[in-house]
Amino acid sequence: MGIIKLLTPEISNKIAAGEVVERPVSVVKEFVENALDAGAKNITVEVKNAGVSYIRVTDDGCGIAPEDIDMAFLRHSTSKISSAEDLSSIKSLGFRGEALAAIASVSSIDLFTRRRGDSSGILAKVNGGAVTYKTETGCNFGTSIIVKDLFYNVPARLKFLKSNKTEYGYISDIVERLALSNSSVSFRFISDGKQKLFTQGDGSDLSVIYSVYGSDYSKFSAPVDYRDGSICVRGFVGGRQLSRPNRSFQTVFLNSRYIKSKLVTDAVEEACKTKIMVSRYPFFVIYIELDSTMADINVHPSKLQAKFSDENFVYNSVYFAVKSAFENFAESVNEICSHIDTSCSGQKNLNISSVCNTANVSSSYSDFIQGESEAKLRMPLVGDIDLSVFDGSTVSDMNLVTDSASELYDKLEDSAPCQPELQINSQLSYQSDEDNFKIIGQVFDSYILAEKGSNLVMIDQHACHERKFYEQISNESLPQLNQLLLIPVTVMLSKTEAALVEKYMDDLFSVGFDMEFIGENAVIIRQIPSNITSGDVKDTFLAILGEVSCGSHKLSFKEKLIERLSCRSAVKANKKLSEDEMRSLVSWAFSVRNADTCPHGRPVYHIFTKYDIEKIFKRV
Ligand code: ADP
Ligand code: MG
């Protein structure tokens, strides 16, 4: 008995209306979706001339009953929904019952179909929207549908098509995405007789990523796996090395359906923000499974858009899923080097990229915090004393504080009971007995060279220091070490600056500035973040305020503040460092898992293996 029914006008009117066939890719998409809905395990897409002259999609799905064939080509005929209630919990890719009718009206179609259990198949020819010929035929189980001469009767739409290259690009893109969302289905894509894509259909998302994007993307992407009540976020995301100049390598699936979602894209990009440089975009394939009552995909005829009933919930889930993916995937330089060394002992032909992770964010700061507790007490500073930014400078800093300054400090402390406790040395001192690296020196006063096992690691001193500060300031669980000023500084503000300070007083306080308005356009600053090490407090404060107010729109005020503070406080390029200073920085960079990029996504270090170097000198 047939299963395809005509939807009543009451139901069809509730479906977002619109034409689905604009170009060859629309045909491919609709046919493949039908094949998937039919439960196919193997799908072959063949196109000629970018689909304009020929499109064939063959599947091994359930096939169509002979008595359903005429009905299938009628508008609003579908086997997938039958009541208006079904619309709120759509599980199939199709449900509008329009595609075959729409495609048939602008092309000639040959349909071969055979259900399992049927002794023979059916060949139907459809012209101008109506089935004109039907006969029994021998064919495989499943359905093979061929479209010839697309838009032969609508020349305007033919004219509207772009170049073959562009139309081909659209098709290959959609086939890749459909393959990515269905790893248990084997896809074969053939264009003008050449196989362009083959996926195993072995149920592994990574195996499809390998087929679609190549081995680097399957090896170096961080796996995403997050579940929270009614949502599950899976997939893969790439760090700096896999980033792209545009968003073409970004894919989101909602309940196995490819969608375009600014909300999801924003959440992923936000989570990757400090891993990837401005104007680069992360690679990702994200699969979201969400209770279908919490997402509506019947927003637009293309079914590419989704409306979430709880946008914050989806955004936060995706954000945390990606953040923790990086955390779990990250490796420190120490770990990477020891992997290289282990692999090198047995294997000569080693490529550094095959052992380095591409994405690193650390969640573990135990060593880091331990270093903090060893920091020495430092007396308050007078105004703009230029501190060295490294641990080795602590003792000499102490010498700068005079007796009278210390008395002054006592008074200040008494008079300001609610001020934050005087903090100890703010510098991130990291000491480890396992520092088994050798500092070779500094190059161009900007890069530190260190030997670690059989690797030479080159570190960008500014990028590294910037990341170190960034982690300290932005990690709320770390004690924030601020400097009480011996002599509070009064800063006159413009109206805009005053408004900014008033609005973001809490954010300024949370990063270490403690101040109070005296009058409408002036503040008295009593405490500054300890990382501010150079220049005049007043100038620095105003400069930071200026930079933050015109920085990226994507970041919150506090994020911009942290970013600016880290950048300003970090040691610059072209600055000579002592061995202790270098050691302190390298020790930190090697042991934490998030030192691979500065907060702007620039690389912090590069590892040259011994093998890389010996290759240059033709020793291997
Ligand atoms: P929809 O997919 O929205 O239901 P279509 O116009 O794409 O509408 O298809 C109409 C009907 O034809 C489907 O509901 C399905 O029953 C049947 N059909 C189309 N393609 C296939 C296929 N490859 N295998 C099995 N049945 C199919
Ligand atoms: Mg369909």
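In listed order, ligands and their atoms are each counted from 1.
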Side chain, backbone, both or neither: Ala38 near ligand 1, heavy atoms under 4.0 Å: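 Looking at Ala38 and ligand 1, just side chain atoms fall under 4.0 Å.
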Region of Asp59 engaging ligand 1 - heavy atom pairs below 4.0 Å: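 Just the side chain.
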Contact check, Glu98 vs ligand 1, heavy-atom distance below 4.0 Å: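 Glu98: in contact with ligand 1 (<4.0 Å).
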Any Gly63 heavy atom less than 4.0 Å from ligand 1: yes
Test item: side-chain donor near acceptor, Arg56 and Ser144, under 3.5 Å: yes
Ser181 and Arg257 side chains, donor-acceptor separation under 3.5 Å: no
Nearest neighbour of atom 6 (O) of ligand 1 from the list Leu100, Leu111, Thr143, on a heavy-atom basis: Leu100
Tell me whether [X] has any N or O atom under 3.5 angstrom from an N or O of ligand 1.
X     : answer
Asp37 : no
Asn34 : yes
Ile64 : no

Phe187/Phe198 aromatic ring centres below 6.0 Å: no
Enumerate the atoms of ligand 1 whose separation from the nearest heavy atom of [X] is less than 4.0 angstrom.
X     : value
Thr78 : 1 (P), 4 (O), 14 (O)
Ile4  : 11 (C), 12 (O), 16 (O), 17 (C)
Ala99 : 6 (O), 7 (O)

Beyond-backbone contact of Val126 with Leu111, side-chain heavy atoms, under 4.5 angstrom: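 When only atoms from C-beta onward are counted, Leu111 and Val126 do not touch, as no gap falls below 4.5 Å.
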Asp225 side chain reached by Arg234 side chain, heavy atoms, under 4.5 Å: yes
Under 2.8 Å: N/O/S of Asn34 next to the Mg ion (ligand 2): yes
Residue list, ring pair (Phe, Tyr, Trp, His ring centres under 6.0 Å) with Tyr210, at least two apart or on another chain: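 Ring pair (Phe, Tyr, Trp, His ring centres under 6.0 Å) list for Tyr210, sorted by chain: empty.
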Tyr287: ring pair (Phe, Tyr, Trp, His ring centres under 6.0 Å) partners, not counting sequence neighbours: Phe253
Thr132 side chain vs Lys125 backbone, donor-acceptor pair below 3.5 Å: yes
